[in-house]
Amino acid sequence: MSDYNHKDIEKKWQNHWESHKTFQTNGDKTKPKYYVLDMFPYPSGAGLHVGHPLGYIATDIVARFKKAKGFNVLHPMGFDAFGLPAEQYAIQTGQHPAITTNTNTARYVEQLKNIGLGYDWDRMVRTCDPDYYKWTQWIFCQLFESYFDKQTNKAEPINKLIAHIEKQGSKGISAACNEVTHEISATDWSGFSESEKENFLQQYRLAFLSEGVVNWCPDMGTVLANEEVKDGFSVRGGFPVQLKKMLQWSLRITAYADRLLEGLDKLNWPEAVKEMQRNWIGKSIGAELNFDVVSRNPNKPADLKIKVFTTRVDTTFGVTFISLAPESEMLELIVEESHKDEVKKYVSWAKNRSERERMSEVKTISGVPTGAFAINPFNGEKIPVWIADYVLAGYGTGAVMAVPSSDVRDYAFAKHFNLPIIPIQEGKNTDISQPDFEAKAGTMINSDFLNGLSVPEAIQKAVAFVEEKGFGLGRTNYRLRNAIFTRQRYWGEPIPVYFENGVPKLLPENQLPLTLPDVDQYKPTETGEPPLARAKEWKYDGKYNFELSTMPGWAGSSWYFLRYMDPKNSQSLASQEALDYWQQVDLYVGGAEHATGHLLYSRFWQKFLFDIGIVKFDEPFKKLVNQGMIQGRSNFVYRIKGTKRFVSFHQKDRFETSPLHVDVNIVDNDILNIEQFRLWRPDLADAEFELEPDGNYVCGAEVEKMSKSLYNVVNPDTIVERYGADTLRVYEMFLGPLEQFKPWNTNGIEGVNKFLKRFWRLFYDENGKWKVTQEEPNPAELKILHKTIKKIESDINALSFNTSAAAFMVCVNELTSLKSSKKAILEPFAITLAPFAPHICEELWEKMGHTESISLEPFPAWNDQFIVENTFDYPISINGKVRTKISFAVDKPAKEIEDEVIASEVLQKWLEGKPPKKVIVVPNRIVNVVM
RNA sequence: GCCGGGAUGGUGGAACUGGUAGACACGCAGGACUUAAAAUCCUGUGGCCGCAAGGCCGUGCGGGUUCGAUUCCCGCUCCUGGUACCA
């Protein structure tokens, strides 16, 4: 064999790695560890497209490199295997989603192996395997058995809370809990029935049942979490979503809001992702302020107060009205008789507007007065209470104190309804159109005891005043909501809870996992119950009903990185030893679309597992990198309207044409293969083509999302078949920076393939004869070798693989032009290239007489001595413009040459007695002479 | 609106903490080999002027700092990602 035959080579080495278990993580715990992880994929029926492996190739290079640098590397892969598409397929066909999932998983594994990715497949996990979800359920049980103590700032066993209540009632409890709560005494507690006790505890548990407004998607028959909904439609499937009140399990992630926020500062993550999480958590510090209500409504309790949340207590003297959300439960108590009809009309109109309408009509101002008034606690002024739909029921208290002079929305509302505006900040514009309208600038005016203070001073003083007078309390508000944890679906983890006389109880630990029952159909029942209700015999102890909802998709993915550490363990989610050794993920690579979903939930679970002593680190991912999406590059042909004639790209403007997507797989370098086109579209088999002068039909191109319907999906298998996995790997890296979004474009792939062929030809001549010699290398060869090793090492550490690919090409070009085929150079070079193009390197390594795999070789060290230039051209510029160069003979790295030496030589060699004003010497770079 | 990221040849993209802009690749042009093509190899390739040596211009736009700016500062334009009646 003498030609570079990628097909044979790649098959051979992939088999070798598999049978020799080359990438099995070994047990050598004396080595330093390195854990490099990809976000595991959902195995969809479409298989991998060429965009998916981008991150996988990057981590594979890092993993192989770290291994060669002497690390014990954990580099696993698995599947987020519960999910909607398999279930929807099951509903349509009646085929069990497990079968679909198995087929798809197998296909993914095969595709990934085809690319030569060195995963430790023995550690594969799938979230839908009962051995795995046993521990997902176990974590749920721990959440159920815990509450969050604000004093210790961590999760504690619920028994600790019970002990407290038994002793002194609910007094003195400082725990994260539901909004609505009432004080109970120890005697109350002991008199409670079991179900009353449980109802009370549910307010504190970290996994709890509660009735709340949820995102209900009727088309999917399930509730969705906030981040699964965008613009009033489901992210998956794009079905309309409405708000509905339902009893659901939730996880109390809000308890961890502060820790999730603070933890971000220590993480080596992209700033954008951290910022998204900060915004998602949405912490705002302010105060709650109570306004007394004046109303002739007979239902109004004497001491009724409107509670508002504000971040600007200092503006209280500028309040000119109060706005309530249309959903406010207080309305019945305060609306005056004279306003009842109008309010009723408005509220029902507001409620019937869909989320979407509300969203798109943000700019329209609407509201009605209630007839009631409120008393400003600061100055006793009587101000009207309005209802306005710009106030959100779900945020803060659902009521705002309106300060038109410092809030744009209040301002717009006041202008629209002719309500008064009181300026309270001197030296600041009170005109909405001015840029500093909302600025916290200027000094306070019209504000009694706050007059003359700056805004920050005034806030401080006002908060103190409020608390002292008992008008309200300092309060921190979060945008983050508790995470709804139930989905009315089949293909998910069953929730390990049964109901005994209506009281939710955990399945005993020794009975986990609670496996999915078989059902005859996978859709909801006719009465609207979840699919699990179809399993009539599915009961705990033969009599108690199980919870019929399953867990959401993110449950299993919130902890899978821990399972890889010890994937077969049946006693615990992973052994203590494994958890302690592997610690955290050192490098995590995946898409930015998980910023507020998966990445936030994983941090939450990790913090919880840290609190209960399972893991020793409260952050799961030390360094995160978002690989950019690879977009599709669609091709078009141009059809002359009303005909079956197509004109080439450059002619299209001469006719009235309409573009038509054409399968990119029958287009090469934008040139259409007309014969294949006729086969692809039999209906257009008799079409005519107007060609370019060179006889080709040139297609137009556009960057779009890679999608089946746009005929721009490129399958990695096609590329592997044609050019080989090594070419695909190097090419994907060469395409551009890892983080960048870029269109897939095969225009350059030939160049990479050519590079590998040239690399091969350093070993074999054109007649297929082995030409590697034992000669001693010369300085020129050593220089290019060591430069390359140095560059590759620093590139991999910086994840800058696109420039590594270029460095390899330079090296091959130089060795080729040096006609160098010396073993002493080619051996270390092959090891350096192996993480990128492992198959070809393995093959040539073997040909060089080695019996062990190149993947087991240590990464070569580079030596600066070989890189030093013998002579060094020093550019000299006059007034910033390069005029000439002088050469120095050097015996040490240019960097170490003293500035003064060069400066004086410059003067001697060049200026000869004409002293310049200034000589500036920059080490290793340039001398600038100012004349 | 707010918060991120970005703009460099015909194209994708290089350029370390300010130091010879355009590495590497694609494309294109020319040449070698071949009956021919493919493949391979060699040469050239930012723009303008010039036979050449060489010169002038050039990193989205306008200013500034500096001996020197793709890089730093100020002010814009456009693209892109996220997010939003969050009080």
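Proteins get letters first, then strands, A, B, ... in listed order; numbering begins at 1 in each.
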Using Watson-Crick or G-U wobble geometry with both distances under 3.5 Å, which nucleotide pairs with [N]?
| N | result |
| --- | --- |
| B/G50 | none |
| B/A39 | none |
| B/G4 | B/U80 |
| B/C28 | B/G44 |
| B/U71 | none |
| B/C86 | none |
| B/U59 | none |

Practice item. For A/Pro737, answer base if it contacts any base atom (sugar-phosphate contacts may also be present), sugar-phosphate if it contacts only those atoms, and nothing otherwise; contact means non-hydrogen atoms under 4.0 Å. Key: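 Sugar-phosphate, backbone atoms only, no base.
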
Check your understanding: Under 4.0 angstrom, heavy atoms only, what part of the nucleic acid is A/Asn813 near: base, sugar-phosphate, or nothing?
Key ->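 Since only primed, P, OP1 and OP2 atoms lie under 4.0 Å of A/Asn813, the category is sugar-phosphate.
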
Review point. Between A/Trp744 and A/Tyr731, how do the two ring planes meet: parallel, tilted or perpendicular, split at 30° and 60°?
Key: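 Perpendicular: the ring planes of A/Trp744 and A/Tyr731 meet at over 60°.
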
With 3.5 Å as the limit, what N/O pairs link the protein to nucleotides 39-43 of chain B?
from  : atom 1 : to       : atom 2 : distance (Å)
B/C41 : OP1    : A/Arg758 : NH1    : 3.2

Practice item. Determine, for A/Lys305 against A/Glu288, whether the closest basic-nitrogen to carboxylate-oxygen distance falls under 4.0 angstrom. Key: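 No.
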
Check your understanding: Hey, are A/Lys790 and A/Asp864 close enough for a salt bridge, meaning a charged N less than 4.0 Å from a carboxylate O?
Key ->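 Yes, this pair counts.
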
Check your understanding: For A/Asp410 and A/Phe741, take the nucleotide of RNA chain B holding the closest heavy atom to each; which residue's nucleotide lies nearer the 5' end?
Key ->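 This one resolves to A/Phe741.
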
Check your understanding: Taking for each residue the nucleotide of RNA chain B bearing the nearest heavy atom, is the 5' side occupied by A/Ala806 or by A/Gly398?
Key ->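 Closer to the 5' end of RNA chain B: A/Ala806.
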
Minimum-distance nucleotide to [X] side chain [options: [options]]:
| X | options | value |
| --- | --- | --- |
| A/Arg409 | B/A14, B/A87, B/C24 | B/A87 |
| A/Thr803 | B/A25, B/A15, B/A87 | B/A15 |
| A/Ala272 | B/G82, B/A14, B/G4 | B/G4 |

Practice item. Would you tell me if any nitrogen or oxygen in the side chain of A/Tyr395 comes within less than 4.0 Å of OP1 or OP2 on B/A87? Key: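 True: A/Tyr395 side-chain N/O within range (under 4.0 Å) of B/A87 OP1/OP2.
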
Review point. Closer than 4.0 Å, any side-chain N/O of A/Asn626 to the OP1 or OP2 of B/G5?
Key: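 It does not, given that no N or O in the side chain of A/Asn626 lies less than 4.0 Å from OP1 or OP2 of B/G5.
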
Point to revise | Criterion ring-ring contact (aromatic ring centres under 6.0 Å, His included) against A/Phe759, the qualifying member of A/Phe808, A/Tyr4, A/Phe829 | key: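 Testing each of A/Phe808, A/Tyr4, A/Phe829 against A/Phe759, the sole residue satisfying ring-ring contact (aromatic ring centres under 6.0 Å, His included) is A/Phe829.
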
**Study point:** Any side-chain donor near an acceptor of the partner, A/Arg758 and A/Asn813, under 3.5 Å
**Key:**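 The criterion, which ignores hydrogens and geometry beyond distance, is satisfied for A/Asn813 and A/Arg758.
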
Review point. Are A/Arg479 and A/Trp280 side-chain neighbours, meaning at least one heavy-atom pair lies under 4.5 Å?
Key: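 Yes, close enough: below the 4.5 Å cut-off.
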
Considering only nitrogen or oxygen atoms on both sides, find all protein atoms under 3.5 Å from nucleotides 6-12 of chain B and state each distance.
from  : atom 1 : to       : atom 2 : distance (Å)
B/G12 : O2'    : A/Leu735 : O      : 3.1

Check your understanding: Expressed in whole Å, how much space separates the C1' atoms belonging to B/C42 and B/C61?
Key ->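 About 42 Å, rounded to a whole number of Å.
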
